Each structure stands twice: as structure tokens, then as C-alpha cells.
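So the structure is just underneath, and the comments pick up after that.
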Amino acid sequence: MKWRVLGSFGGSSPTCRMTSFLINDELALDAGSITQALTIEEQRTIRRVVLTHSHLDHTASIPFLIENTFGEPQQTMEILATPQVMHTLKNHLFNNDTWPDFTRIPNDMLPALRITEVTPRQPFEINGLRLTAIPVRHTVPTHGYLVEDAGGTVLFTSDTGPTREVWEVANRTANLVAVIVELSFPNRMQRVAELSLHLTPAMLAEELAKLQRDVPVYLYHLKPPYIDELRAELAATSFPHAVEELRQDDTYDF
Ligand SMILES: [Zn+2]
Ligand SMILES: [Zn+2]
């Protein structure tokens with residue numbers, strides 16, 4: 001399974017793009033920076049976007065992705081999301097106020113955008129992959145994803161504070177090959193991390209103690225203002241797994 005890291009950060013700066021992955025060249029997982037990372041031609045190969053939650057650092061490029069690909073024949077873009085995320089997209093983004101309602105443009109029969117509901121914990125198949133949404137603990141309803149093909153399963157936790165179910169699921173997933181987990185704030189900002197339901201390096205070490213599998217762990221979502229501090233703390237923290245920062249623009253073959 002090919003994961004291209006379009007954006008690996010939890011914020012935006014000239015060198016840090018917001019969270020997005022492109023899986024096997026055609027399925028996007030989160031959409032913080034698709035249009036900043038891909039050419040228009042590459043954007044046209046994406047027909048589906050799976051969203052983990054409604055926060056802007058995971059959704060910001062959707063309006064421009066649809067604008068860039070709109071008008072191509074047979075090119076309805078499908079967004080897959082859990083009910084609360086669907087509600088936010090319809091009421092706060094594609095509401096003809098923040099952005100046009102592309103679920104009715106050019107017409108109801110053949111819209112530029114279709115939003116499909118995902119049921120948590122219920123596996124579904126798309127683009128030759130099997131996906132399962134697993135609830136995690138964040139300030140808005142958020143789901144991590146198990147993404148599986150014949151070669152193995154990757155777990156993307158999405159944004160989360162201390163949580164439980166996603167680790168239990170990981171521990172009983174037979175063919176788990178990699179885990180991608182968030183890290184947002186340095187240790188001195190533990191209170192902020194607790195309130196915003198994110199992780200510091202110390203909190204991450206506690207979370208990874210719940211993962212009883214010998215798999216590589218990759219980190220995403222470092223907040224741009226604290227990157228140097230976070231990297232120094234990572235180097236000084238001992239983790240129960242091999243942990244490394246996900247490299248933006250690299251493609252991983254899991
Ligand atoms: Zn985020
Ligand atoms: Zn978030």
C-alpha cells in the first residue's frame with residue numbers, strides 16, 4: 001500500500017502543509033493541503049476523500065479541490081465521513097455562504113460533490129482497500145482509520161488525546177504493519193494538550209505503552225511553532241516502539 005504524505009503537520013507555514021495523505025495515487029485520507037501538494041492533473045485522479053474529522057487542518061483544501069476538478073465529465077467527487085462530519089460540511093462549509101453548495105451544482109442529478117455517510121466500526125471497501133473508522137478522543141467527533149489491503153493494515157489514529165479503543169483494535173489486528181499517530185505540543189504545554197485533546201511526547205509514550213504490537217510508529221501533526229522543541233523532546237524520550245517523524249512529500253510503501 002502506497003502512502004504519499006501530502007501534508008504531515010497540524011498547522012500551516014511555508015514549509016509545513018496540513019494533514020493529508022494520498023493512498024495508492026487515488027484515495028485521499030484527510031484534506032488539509034491536497035491542492036497545495038498536488039498538480040491539477042494529479043488532483044483530477046482523486047475521486048474520493050475520506051475525512052477523519054471536521055477541523056480545518058484536515059479539511060481546508062476540499063473547496064479548492066472541488067473547484068479545480070469541477071466540470072470534468074463523470075467527475076463527481078465523493079467525500080466519505082461520519083454523520084457529525086457530514087453535518088458540519090453541509091451546514092458550515094457547503095452552505096452557499098462559506099462556499100457554494102456543490103452537492104447541487106451543476107444540478108441535483110449529477111452534482112460535483114457527493115457526501116457519503118460512514119458508519120463507525122463497520123468496515124467498507126473502496127478503491128480496492130478495506131477501511132474501518134474507529135472512534136478516538138478529540139474535541140469534535142473524530143475517527144481514526146484502519147486501512148487494509150492484501151499486504152497488511154495501517155492504522156492512522158487521526159487527532160486524539162489519551163484514548164483506548166483504537167489501541168485495543170490495533171492489538172487484535174493480525175496483519176498490522178504500521179501505526180501513524182499524532183504528536184502536537186511540547187511537554188511544557190501539557191495543559192493545552194489535555195484541553196485540546198492532543199498529545200505531548202510524554203503523553204505519547206503513555207499511549208504507545210497501550211500498543212502491544214511490534215510495529216513501526218510514525219508521527220504526524222507537529223504544530224509548526226514548536227517543531228524544534230518537539231524534535232529535541234522526541235530525541236530525549238524513550239518509547240516502547242521505534243518512533244519516527246513522518247516525512248512530508250515522501251511516499252511510504254507499507
Ligand atoms: Zn489536526
Ligand atoms: Zn483536530
Side-chain angles (χ1 to χ4, degrees), residues 3-23 28-37 49-65 79-89 91-93 98 118 120 133-147 154-167 179-186 189-201 203-204 207-208 217-227 229-231 234 243 245-249:
W3 284 55
R4 181 170 166 188
V5 184
L6 306 183
S8 60
F9 294 93
S12 179
S13 76
T15 53
C16 297
R17 294 198 295 264
M18 298 187 287
T19 306
S20 297
F21 302 94
L22 183 62
I23 304 174
L29 177 55
D30 278 344
S33 58
I34 293 171
T35 53
Q36 290 90 337
V49 181
V50 174
L51 295 179
T52 64
H53 65 302
S54 56
H55 279 158
L56 275 178
D57 54 323
H58 300 249
T59 60
S61 66
I62 289 175
F64 312 107
L65 175 66
I79 294 180
L80 296 102
T82 51
Q84 298 91 343
V85 180
M86 283 181 76
H87 179 269
T88 304
L89 291 175
N91 288 280
H92 302 296
L93 185 53
T98 310
V118 167
I134 311 292
V136 291
R137 251 181 94 228
H138 195 33
T139 50
V140 294
T142 301
H143 292 78
Y145 273 89
L146 286 176
V147 184
V154 177
L155 169 64
F156 172 56
T157 68
S158 192
D159 295 8
T160 187
T163 191
R164 195 173 48 83
E165 182 174 345
V166 82
W167 301 124
V179 171
I180 303 172
V181 60
E182 82 129 271
L183 173 71
S184 297
F185 294 109
M189 295 179 72
Q190 174 155 350
R191 186 77 189 126
V192 175
E194 285 169 355
L195 289 172
S196 58
L197 289 168
H198 284 298
L199 299 176
T200 65
M203 293 162 78
L204 174 66
E207 288 306 293
L208 291 182
V217 173
Y218 299 91
L219 307 178
Y220 86 103
H221 211 263
L222 280 70
K223 292 281 184 185
Y226 315 116
I227 286 175
E229 206 177 345
L230 281 166
R231 285 175 181 160
L234 280 175
V243 167
E245 192 183 332
L246 209 57
R247 292 181 304 272
Q248 182 172 275
D249 288 320

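When reading the values below, keep in mind they use all heavy atoms of this one structure, side chains included, and skip hydrogens, waters and symmetry mates. One-based numbering, in listed order, for ligands and for the atoms of each. This structure is a prediction, so every number in the text was calculated from the model and none was measured. For the single chain, residues carry numbers from 1 onward in sequence order.
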Fill in the blank from the handout: Heavy-atom closest pair (M203 atom, H198 atom, distance to 0.1 Å) is CE-O, 3.4 Å
Fill in the blank from the handout: Closest heavy-atom pair, D30 versus S158, reported as atoms and distance to 0.1 Å, is OD2-OG, 4.2 Å
Exercise for the section: Would you mind reporting whether E165 and P135 have side-chain heavy atoms less than 4.5 Å apart? Expected result: yes
Practice task
Could you tell me whether the Zn ion (ligand 2) has an N, O or S atom of H55 under 2.8 Å away?
Solution key: yes
Practice task
Looking at D159, pick out the N, O or S atom nearest to the Zn ion (ligand 1) and give its name.
Solution key: OD2
Exercise for the section: For the Zn ion (ligand 1), find the closest N/O/S atom belonging to D57 and write down its atom name. Expected result: OD2
Handout entry: Any donor-acceptor N/O pair, E182 side chain to L199 backbone, under 3.5 Å
Key = yes
Exercise for the section: Could you tell me which non-hydrogen atom of L22 sits nearest to which non-hydrogen atom of A28, and how far apart they are? Expected result: CD1-N, 4.3 Å
Practice task
Could you tell me whether any N, O or S atom belonging to H58 is less than 2.8 Å from the Zn ion (ligand 2)?
Solution key: no
Practice task
Among the N/O/S atoms of H221, select the one at the shortest distance from the Zn ion (ligand 1) and name it.
Solution key: NE2
